[in-house]
Engineer: 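Just dropping this structure here.
As the structure lists them, so they are numbered: ligands from 1, and atoms in each ligand from 1.
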Amino acid sequence: MWMEKCKDVDCFMAGLVKRNPGQPEFHQAVKEFVATVLPFVNENPVYLKHQILERMTEPDRVVSFRVTWRDDHGNTRVNRAWRVQFNNSIGPYKGGLRFHPTVTESVLKFLGFEQTFKNSLTGLPMGGGKGGSNFNPKGKSDNEVMSFCQSMMTELFRHIGPDKDVPAGDIGVGAREVSYLFGQYKRLQNEFHGVLTGKGLAFGGSLIRTEATGYGCVYYCQEMLNHRGDDLKGKNVVISGSGNVATYAAEKSSQLGAKVLTLSDSSGFIHDPDGITPEKLEFVKELKEVRRGRISEYADKFSGAEFHAGMRPWSVDCDVAIPCATQNEINLADAKDLTKNGVLVVCEGANMPTELDAMNHLMDSGVLFGPAKAANAGGVAVSGLEQSQNALRLSWSREEVNEKLLTIMKDIHAKCVEHGSNGSLPNDNVNYVTGANIAGFIKVADAMVAYGAV
Ligand code: NDP
């Protein structure tokens, strides 16, 4: 007889909170997961016997280190950085690096935990990890960002490798930062291989990687609508954020015939009732990726558009909402605004953008809800394809990568339908949260059972 374990969520969470004090984001991510997976675990004693949930919620390791760098005025500056290697049961650790002042160990543990199941859903051999620093790249010169990246890699390089741990970008880490990091890795290790993804095309990057998370999210949203006999064409779409994920979610929505009404950044949101067309998005890309300016400039440039300072876009009438900025950006009041205005679908581009009670309100109100670990898996899926291209020393065309991305997003949707069609929601909606969690869990859990007690 094996040790009796917690069979309900409150009991499980009490232990987790005790073991991980002061980590609210990590608690939130685990609670959302355990609430849907625990009943499934209780029906499958093999997972109970092997204490799979207890093992899965403990990262393999967390490396924490100091990053010392020099600013343009000759001052010595200090930040803290981490790499959370969460679970490598089905492949080398894989997950982005985030540079933002709000980064803590708790945030990175929530992201690494989520990443484990997201990567499992893609069907590719990737474990879960995440890293980053409380360094704020906003307002820093290229030289300062380079100095920081080089110093960070001087510690990080000993913990990563193409068969060990393969980081990528996330908030605050785009093409510029990945290039500085890769350059320093190559110098220290004297090896050229796919140790980071999101690289420039000239040095091993994949076509469509930049677009992949945003495009993939919209492909997933389209699949959810198609499954219910509907389509994105003609729909009004509200998007938050104006970074990598938001820009390309807007571009693909527009290409599929929807009208995109909003974008945002941390200073507020812009509302363009005429629609943010691909031509207008070129302005946004230049604004954000080159000039690193504020989204308010959009309203100065395009007549009819308005800037709403300090606000989020969820009160704007829409059929589809795609949060693409950061965690907990839709609270219960925002969710009530969305349902009052008749939203049909909420599809998460960002990681954990919806608070738990907001998510439950949306699903209980009959809204189709696409959780991040399924809906935004397109980015890491194309990162996985970048690793394959690097290992094979070849590069696939734009069309080939896009086709593979579309197929992966359709497969993920199908897995969620398989495990989430349980009749628990109004309108006979698929419970995509349950579906994604169980489908992601099974593969990792079965590998852990097979390995025995390691
Ligand atoms: P970017 O840094 O490119 O863009 C982030 C955007 O979100 C910016 O517009 C930023 O505004 C805004 N933002 C960030 N923090 C806040 C905040 N606290 N309040 C309001 N707005 C905020 O990041 P990405 O587009 O890469 O990432 C966005 C989300 O998508 C994150 O949750 C990330 O984890 C997730 N994701 C990203 C993937 C990728 O491939 N890049 C893959 C899967 C998920 P400002 O410039 O003012 O800070």
Side-chain angles (χ1 to χ4, degrees), residues 25 29 94-103 107-108 110-112 114-115 118-119 121-122 126 128 130-132 135-139 167-178 196-198 205-206 208-217 220 239-251 262-270 284-285 287-289 291-298 308-314 322-331 334 347-354 370-384 386 405 409:
E25 295 86 0
K94 178 92 198 86
L97 296 171
R98 177 178 291 192
F99 293 171
H100 196 271
T102 57
V103 166
V107 167
L108 297 176
F110 117 62
L111 289 164
E114 288 282 294
Q115 194 82 43
K118 180 187 307 190
N119 294 2
L121 281 171
T122 66
M126 300 182 290
K130 200 82 188 188
F135 171 74
N136 186 359
K138 228 176 271 173
D170 191 74
I171 291 177
V173 179
R176 173 182 63 169
E177 292 75 16
V178 168
L196 284 156
T197 57
S206 174
I208 305 277
R209 175 58 190 93
T210 309
E211 297 89 339
T213 309
Y215 278 18
C217 183
Y220 191 86
I239 295 179
S240 64
S242 50
N244 172 267
V245 181
T247 310
Y248 292 99
E251 185 168 278
T262 66
L263 288 172
S264 72
D265 63 20
S266 52
S267 54
F269 79 92
I270 55 107
V284 176
K285 286 182 202 170
L287 171 71
K288 286 293 177 179
E289 289 170 19
R291 287 194 285 126
R292 299 179 194 277
R294 309 310 296 154
I295 198 65
S296 54
E297 285 186 41
Y298 182 102
H308 300 269
M311 290 176 67
R312 302 189 281 209
W314 313 123
I322 312 185
C324 297
T326 193
Q327 62 267 16
N328 294 329
E329 54 167 318
I330 299 182
N331 61 24
D334 297 322
C347 193
E348 295 186 325
N351 282 311
M352 204 169 74
T354 316
K373 63 171 75 66
N376 74 20
V380 74
V382 172
S383 278
E386 182 174 328
L405 170 63
M409 296 315 296

Engineer: Compare G174, C217, G243 and give the one whose heavy atom is closest to atom 6 (C) of ligand 1.
Structural biologist: G243

Engineer: Which is closest to atom 28 (C) of ligand 1 in terms of heavy atoms, S266, G96, A325, G132?
Structural biologist: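 It is A325 that holds the nearest heavy atom.
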
Engineer: Shortest non-hydrogen contact from A375 to G370?
Structural biologist: CB-O, 4.0 Å

Engineer: Got an N/O contact under 3.5 Å between R209 and ligand 1?
Structural biologist: yes

Engineer: Parallel, tilted or perpendicular: which fits the ring planes of F269 and H308, with parallel below 30° and perpendicular above 60°?
Structural biologist: parallel

Engineer: Which option wins on minimum heavy-atom distance to atom 43 (C) of ligand 1: D265, I295, T213?
Structural biologist: T213

Engineer: Mind checking whether I171 contacts ligand 1 via backbone (N, CA, C, O), side chain (CB onward), both or neither, at a 4.0 Å heavy-atom cut-off?
Structural biologist: both

Engineer: What do you reckon, does V245 have a nitrogen or oxygen under 3.5 Å from a nitrogen or oxygen of ligand 1?
Structural biologist: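 Yes, at least one N or O pair falls under 3.5 Å.
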
Engineer: Give yes if a backbone or side-chain nitrogen or oxygen of K130 is under 3.5 Å from a nitrogen or oxygen of ligand 1, and no if not.
Structural biologist: no

Engineer: So is there a nitrogen or oxygen of K118 less than 3.5 Å from a nitrogen or oxygen in ligand 1?
Structural biologist: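 In fact, backbone or side chain, K118 has no N or O that close.
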
Engineer: Where the closest heavy atom to atom 30 (O) of ligand 1 is concerned, which of G169, A372, A350, A246 has it?
Structural biologist: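 Ranked by closest heavy atom to atom 30 (O) of ligand 1, first place is A350.
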
Engineer: If every non-hydrogen atom of A250 is compared with every non-hydrogen atom of L263, which pair is closest and at what distance?
Structural biologist: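 It is CB-CD2, 4.4 Å.
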
Engineer: Is R294 close to ligand 1, meaning an N/O of one under 3.5 Å from an N/O of the other?
Structural biologist: yes

Engineer: Can you give me the closest heavy-atom contact between S266 and R294, atom names plus distance?
Structural biologist: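 So the minimum-distance heavy-atom pair works out to OG-NH2, 3.2 Å.
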
Engineer: Quick one: does E329 get within less than 4.0 Å of ligand 1, heavy atoms only?
Structural biologist: no

Engineer: Would you call S383 a ligand 1 contact, heavy-atom distance under 4.0 Å?
Structural biologist: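 Per 4.0 Å heavy-atom rule, S383 does not contact ligand 1.
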
Engineer: So which bit of Q327 gets within less than 4.0 Å of ligand 1, heavy atoms only: side chain, backbone, both or neither?
Structural biologist: neither

Engineer: S267 versus ligand 1: do any nitrogen or oxygen atoms come within less than 3.5 Å of each other?
Structural biologist: no

Engineer: Measure from atom 15 (N) of ligand 1 to every heavy atom in H100, Q115, E289 and give the option owning the shortest one.
Structural biologist: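 Result: the heavy atom closest to atom 15 (N) of ligand 1 is in H100.
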
Engineer: Does S264 approach ligand 1 within less than 4.0 angstrom via side chain, backbone, both or neither, non-hydrogen atoms only?
Structural biologist: backbone

Engineer: Once you restrict to heavy atoms under 4.0 Å, what part of K138 touches ligand 1? Side chain, backbone, both or neither.
Structural biologist: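 Side chain only; the backbone of K138 stays clear of ligand 1.
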
Engineer: Look up atom 10 (C) of ligand 1 and tell me if a protein heavy atom lies less than 4.0 Å from it?
Structural biologist: no

Engineer: May I ask you to check whether G172 has an N/O atom sitting below 3.5 Å from an N/O atom of ligand 1?
Structural biologist: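 N/O-N/O distance below 3.5 Å exists for this pair.
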
